Each structure stands twice: as C-alpha cells, then as structure tokens.
Amino acid sequence: MTTMATQGAFLRLRTTSSSKSVAKPTDLGFLSSQLTGLRISHGPSTDVINRISLPSFPSALQPIVARRICPFTGKKANRANKVSFSNHKTKKLQFVNLQYKKVWWEAGKRFVKLRLSTKALKTIEKNGLDAVAKKAGIDLRKK
C-alpha cells in the first residue's frame, strides 16, 4: 500500500498499487472552478482526460448570434485593406448596412419585422415585398 501526502490544505490520498486499478473521481481530490465549470483533479492519475473535463452545455443555453448577411440580396461582409498614411495595409471587414424594419405585407394584411440591407429595402419599395421574397425563396408566413 502506497501513501501520498501533500502539503497545505490538500487531502491525504491512499491508493493501492495494482496493474488494473482505475482511480475513481471520488478517490481523487478535485478542485472545481465556480466561474468556468472546469474541473481539475489533483492526484495520482496520469491520464490528462481524467484530470480535466470540460462542462457540456445544452443547446438551449448557447447564445444565438444573428448573421451579418442580408437574406433578400445575399450581401455579406467584404474583406478590404485599411491603408494608413505610410501605405501600411491591414485587413478589415466592410459590413453590410443591415437594419431592422417593419414592412407592410399586403397579402398577409400585417406588418412583418425583417432584418435586411438598405439595398434590399430599396428593391422592396420598387418591386414589392411578395416579388422580392419569392425571388429570394423566403416564406413570410413563418415570421
């Protein structure tokens, strides 16, 4: 029987030496972070996967991020160079001018809240919401 003693406020841990013994999480001294949910063990385990385990978040808790793409025109960010006075070029993104807008939908007799580019707004004013949505393949009944 082997005894492993540590200094300070850590646990005194006893394990038996056998060729096929597996250390259980209850046998090891675990330190858990309350901020990130990361669990780090302190003990005789040599396997890195057993010492660090990341928390698994359900899909309902993951943040929903709106994409910077116009659904009507397909416009998206353009990669460009930012040029300084000394002609030093660094990469930058030129984003689409997306706006939240309530547009009157005549066929549905109601307003539809959309996130669209200003170019798409001008196209809707010219051709009508039904024609532009049909061309883009967007079903307005879901929104």
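This structure is a prediction, so every number in the text was calculated from the model and none was measured.
Separation of atoms CG (D130) and NZ (K135) is listed at 15.0 Å; rounding is to 0.5 Å. How far NZ of K91 is from CG of N81: 4.5 Å, rounded to the nearest 0.5 Å. Once rounded to the nearest 0.5 Å, the distance linking CG of L116 with CG of N97 reads 10.0 Å. Between the CD atom of E125 and the NZ atom of K122 there is a distance of 9.0 Å, given to the nearest 0.5 Å. The structure places CZ of R79 at 6.0 Å from CG of L93, a figure rounded to the nearest 0.5 Å. Here the NZ-OG distance, from K89 to S84, works out to 8.5 Å after rounding to the nearest 0.5 Å.
Heavy-atom minimum distance, R115 versus P71: O-CD, 3.4 Å. Among all heavy-atom pairs drawn from R110 and R141, the shortest one is NH2-O, 3.9 Å. Between T73 and A120, the closest heavy-atom pair is CG2-CB, 3.7 Å.
When the options I124, L121, L114 are evaluated for a side chain to side chain contact (heavy atoms under 4.5 Å, CB included) with K101, the one that passes is L121.
Annotation: ring-ring contact (aromatic ring centres under 6.0 Å, His included) contacts of F111 (sequence neighbours excluded): W104.
With side-chain heavy atoms closer than 4.5 Å counting as contact, directly or through intermediates, the hydrophobic cluster containing L98 also holds V96.
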